[in-house]
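These notes are about the structure you will find just below.
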Amino acid sequence: MGSTQPNFYHPEHQPVANSLSASEKIWFIVAMIPSGQVSAYGKIADLAGLPGRARYVSKALKMAPDSLQLPWHRVINSQGKISFKPDTTQFRDQLERLRVEGIEVHKGKIQMAKFEWRPDMATLVLQLPF
DNA sequence: ATAGTGACTCCAC
DNA sequence: CGTGGAGCCACTA
């Protein structure tokens, strides 16, 4: 006894083989949003196992490599609106991308009841690598 | 260490 | 509906 070796049988010492960074988890979830549907920053954070970090989701999207081709435009705020300021190219870009896939935006707002992504949690969890 | 800054949320008016 | 404010968290100067 008296060993200083970590006890890998203890719940808190489970081997972390597929540990993804917070950003990677966020990117993974965002990549799952189906075309024609949207989700909120806060929801993405929750699904990524990062409750309370909606603001971090926006940062993760900003730093995401272009090579990932993430459908970042499908992420809007909890009020059903685009979070960029209306007079920015980013706002116009997101608006255009949403409309291209059939998402209606009236007066800057999207009907969440009609376009919000509602994944079956039981199925979703099985697809997560974390 | 402190203060400011968001692609955020929630809630009270 | 619009606004304001508090709470939030990671990051930066």
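Below, each value reflects all heavy atoms present in this structure, side chains not excepted, and no hydrogens, waters or symmetry copies. Protein chains get the first letters and strands the later ones, always in sequence-line order, with residue 1 at the start of each.
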[options]: which one has an atom nearest the side-chain heavy atoms of [X]?
X     : options               : result
A:R55 : B:dT9, B:dA7, C:dC8   : C:dC8
A:K59 : B:dC10, C:dC11, B:dA7 : C:dC11
A:Y41 : B:dC8, C:dA10, B:dC10 : B:dC8
A:A54 : C:dC9, B:dA7, B:dT9   : B:dT9
A:N77 : B:dT9, C:dA10, C:dC8  : B:dT9

Nearest whole angstrom, please: distance from the [atom2] of [N] to the [atom1] of [X].
X      : N      : atom1 : atom2 : answer
A:R53  : B:dA7  : CZ    : C1'   : 18 Å
A:K81  : C:dC1  : NZ    : C1'   : 9 Å
A:L50  : B:dC8  : CG    : C1'   : 14 Å
A:K107 : C:dG2  : NZ    : P     : 9 Å
A:Q94  : B:dC8  : CD    : P     : 10 Å
A:D46  : B:dC10 : CG    : C1'   : 13 Å
A:M112 : B:dT9  : CE    : P     : 9 Å
A:Q79  : B:dA7  : CD    : P     : 16 Å

Task: Residue met sooner reading DNA chain B from 5', once A:Y56 and A:K43 are mapped to nucleotides - done: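 Mapping each residue to its closest nucleotide by heavy atoms, the 5'-most match is A:Y56.
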Task: Residues, nucleotides or ligands: over 12 heavy atoms within 6.0 Å of A:K43 NZ - done: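 Count not over threshold, so no.
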Roughly how far, to the nearest 0.5 Å, is the [atom2] atom of [Y] from the [atom1] atom of [X]?
X     : Y      : atom1 : atom2 : answer
A:I82 : A:F91  : CD1   : CZ    : 4.5 Å
A:L98 : A:E104 : CG    : CD    : 11.5 Å
A:K59 : A:Y41  : NZ    : OH    : 13.5 Å

Open item on the list: It should be established whether A:S78 places a side-chain nitrogen or oxygen under 4.0 Å from OP1 or OP2 of nucleotide B:dC10.
Closed with: yes
Open item on the list: Within the 4.0 Å heavy-atom criterion, would you say A:A22 contacts the bases, only the backbone, or no part of the nucleic acid?
Closed with: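 If one applies the 4.0 Å heavy-atom cut-off, A:A22 turns out to touch nothing in the nucleic acid.
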TODO: Identify whether any heavy atom of A:K109 sits under 4.0 Å from a base atom; if not, whether one sits that close to sugar-phosphate; answer base, sugar-phosphate or nothing.
DONE: sugar-phosphate
Open item on the list: Say we look at C:dC8 and B:dG6: how far apart would their C1' atoms be, to the nearest angstrom?
Closed with: 12 Å
Task: Whole-angstrom distance between C:dA13 and B:dA1, as gauged at atom C1' - done: 13 Å
- [ ] Report yes if the side chains of A:F84 and A:Q94 come closer than 4.5 Å at any heavy-atom pair, otherwise no.
- [x]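 The answer is yes; the side chains approach within 4.5 Å.
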